[in-house]
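Naming: A, B, ... by sequence-line order, numbering from 1 per chain. Model, not experiment: these values are computed from the prediction. In what follows, every heavy atom counts, from backbone to side chain, and hydrogens, waters and symmetry copies are set aside.
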Amino acid sequence: MPELPEVETTLRGIEPHITGHLIAQFTVHNGSLRWPVTGGISEIVQGQRVVAVTRRAKYLLLQLERGSMMVHLGMSGSLRLVDPSEARRKHDHIEMLMSNGKCLRYHDPRRFGAWLWSENGHRQLDHLGPEPLTEDFGADRLFLLSRNRKMAIKPFIMDNHVVVGVGNIYAAEALFRSGIRPDREAGKVSRVRYEKLTVNIKDILQAAIVQGGTTLRDFVNGNGEPGYFQQTLMAYGRGGQPCYQCQKELRDIRLGQRSSVFCPSCQR
DNA sequence: ACACTAACCTGCAAGC
DNA sequence: TGCTTGCAGGTTAGTG
């Protein structure tokens, strides 16, 4: 799944083909997602115009005339624009036929994703921290929020209350570039190192967006094309292999049930 | 408030 | 060949 760059890539791929058009038909083939999607949703959204498509954290928001649909891709979700005549694949759970003839298909083998309709906002968005690529996210915030926190720094920067959009891949990469061990206690990292980390988080996310995201197994953008950022990964997925900087063997430890690769020599 | 675990589900690779 | 195990991009709900 999709971290922030993959969601942003998806947004840019589908937005121009969706915005301004009517939802002609909305079909739920399998509504057993994180929260059940009932067939009744179809009657509500059909006939409504898509006013805008935006992103908040890893959520996509389809703004309709009388409310909004919040879409999350979970771990294995993807959205693709297809010709309606194209055969539906296994795990294509939801499809949205637009008045311009385009069909948006939601594919999600693990079904950790979500499609939620609301007329007046989504409570999931209420507690979210700042967007990483805006001025609202800076080193001061990381430094202040981390004081007296015993938690390891990697789960700390992956906490959506702290900052959104930093998932397992980009957390590992940002810490590698910053020379910070992922298991370092968040409250003991200096302000100077948080400044470096902040810059690296922003740089990496931005670079990944430019390259169309990271495709590990099956991520595709709105047009079915893969991303290329995986060619840039220095740490993620490289446990046991030599560090590109010092040739020492990269270690793979578990933090908060997530694999965390780092270089014991370059990261302290 | 904080720290930590288990859970949701399918697919795939590795090991026996 | 098959069976079992563990792991995978995220988030929430529940425990102390």
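Regarding contacts with the backbone of C/dT11, a side-chain N or O of A/H72 is found under 4.0 angstrom from either OP1 or OP2. Listed pair A/R258 / C/dG9 meets the phosphate criterion, a side-chain N or O lying under 4.0 Å from OP1 or OP2.
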Can you list, pair by pair, the side-chain donor-acceptor contacts under 3.5 Å of residues 62-71 of chain A, counting residues two or more places apart and other chains?
residue	atom	partner	partner atom	Å
A/Q63	NE2	A/T54	OG1	3.3
A/E65	OE1	A/R49	N	2.6
A/S68	OG	A/H122	NE2	2.9

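Here the side chain of A/H127 is nearest to one of C/dA8, B/dA3, C/dT12, namely C/dT12. Proximity note for A/R254 (side chain, C-beta onward) versus C/dA8, B/dA3, C/dG9: the nearest is C/dA8. Closest approach to the A/R149 side chain among C/dC7, C/dT12, B/dC2 is made by B/dC2 (side chain taken as heavy atoms from C-beta onward). Closest to the side chain of A/K150, from the set C/dG10, C/dT12, B/dA3, is B/dA3.
Salt bridge annotation for A/E135-A/K202: absent, with no cationic side-chain nitrogen under 4.0 angstrom from a carboxylate oxygen. A salt bridge links A/D92 and A/R89; the closest N-O separation between the charged side-chain nitrogens and carboxylate oxygens is under 4.0 Å. We find that A/D83 and A/K102 are not joined by a salt bridge, their nearest charged nitrogen and carboxylate oxygen being 4.0 Å or further apart.
Partner A/I201 forms a side-chain contact (heavy atoms from CB on, under 4.5 Å) with one of A/L205, A/T198, A/I204 and no other, that one being A/L205.
Contacts of A/L233 classified as side-chain contact (heavy atoms from CB on, under 4.5 Å), with partners at least two apart in sequence or in another chain: A/I169, A/E173, A/T214, A/L216, A/F229, A/Q230, A/Y236. Judged as a side-chain contact (heavy atoms from CB on, under 4.5 Å), and not counting sequence neighbours, the contacts of A/E131 are A/L4, A/R55, A/R56, A/A57, A/T134, A/V164. By the side-chain hydrogen bond (donor to acceptor under 3.5 Å, both in side chains) test, A/Q245 pairs with no residue at all, sequence neighbours left out. Under the rule for a salt bridge (charged side-chain N to carboxylate O under 4.0 Å, His left out), the partners of A/R181 that lie at least two apart in sequence or sit in another chain are A/D183. Partners of A/S146 by side-chain contact (heavy atoms from CB on, under 4.5 Å), not counting sequence neighbours, listed by chain and number: A/F156, A/A186, A/Y194. Checked against side-chain contact (heavy atoms from CB on, under 4.5 Å), A/E95 has the following partners two or more places apart in sequence or in another chain: A/T27, A/H29, A/R88, A/C103, A/R105.
Between A/H107 and A/H93, the distance separating the two ring centers is not shorter than 6.0 angstrom. Separation of the A/F26 and A/W117 ring centroids does not fall under the 6.0 Å cut-off.
To the nearest whole angstrom, the two P atoms, one in B/dC9 and one in C/dG14, are 16 Å apart. Comparing the P positions of C/dG9 and B/dA13 gives a spacing of 16 Å, expressed to the nearest Å.
Less than 4.0 Å separates DNA chain B from no heavy atom of any residue of residues 202-213 of chain A. Contacts between residues 235-243 of chain A and DNA chain B, defined by a heavy-atom separation below 4.0 Å, involve no residue at all.
The interatomic distance linking A/Q230 (CD) with C/dA8 (C1') rounds to 15 Å, in whole Å. For the pair A/L216 CG and B/dA13 P, the interatomic distance rounds to 14 Å; values are reported in whole Å. In this structure, A/L60 places its CG atom 12 Å from P of C/dT11, rounding to the nearest Å. Atom CG in A/N168 sits roughly 13 Å away from atom C1' in C/dT11 (whole-Å rounding). Between A/L125 atom CG and C/dT12 atom P there is a gap of 10 Å when expressed in whole angstrom units. Atom NE2 in A/H161 sits about 11 Å away from atom C1' in B/dA1, given to the nearest Å. Rounded to an integer number of Å, the gap from A/E185 CD to B/dC2 P is 14 Å.
Among the duplex regions that DNA chain C forms, those built from at least three successive Watson-Crick or G-U pairs under 3.5 Å are B:2-8 with C:10-16, B:10-16 with C:2-8, ordered by first number.
Note that A/R251 lies outside the cation-pi zone of A/F262, set by a 6.0 Å cut-off to the ring centre and a 45° limit from the axis.
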Quick one: which protein N/O atoms are closer than 3.5 Å to N/O atoms of nucleotides 7-11 of chain B? Pair and distance per line, please.
residue	atom	partner	partner atom	Å
B/dC9	O4'	A/R110	O	3.3
B/dC9	O3'	A/R111	NH2	2.6
B/dC9	O2	A/R110	NE	2.9
B/dT10	OP1	A/R111	NH2	2.6
B/dT10	O4'	A/P109	O	3.4
B/dT10	O3'	A/H91	NE2	3.2
B/dG11	OP1	A/K90	NZ	3.2
B/dG11	OP1	A/H91	NE2	2.6

Shorter than 3.5 Å, N or O on both sides, protein versus nucleotides 14-16 of chain C: list them out with atom names.
none

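A donor atom on one side chain and an acceptor atom on the other are found under 3.5 Å apart for A/S178 and A/N200. In this model, a donor atom of one side chain and an acceptor atom of the other lie less than 3.5 Å apart for A/E15 and A/T19.
Contact annotation for A/N160: backbone-only contact, meaning every heavy-atom pair under 4.0 Å involves sugar-phosphate atoms and none involves a base. A/F229 comes within 4.0 angstrom of no nucleic acid atom, judged by non-hydrogen atoms across all strands.
Remark: A/N148 CG is loosely packed, at most 12 non-hydrogen atoms of other residues, nucleotides or ligands lying under 6.0 Å away.
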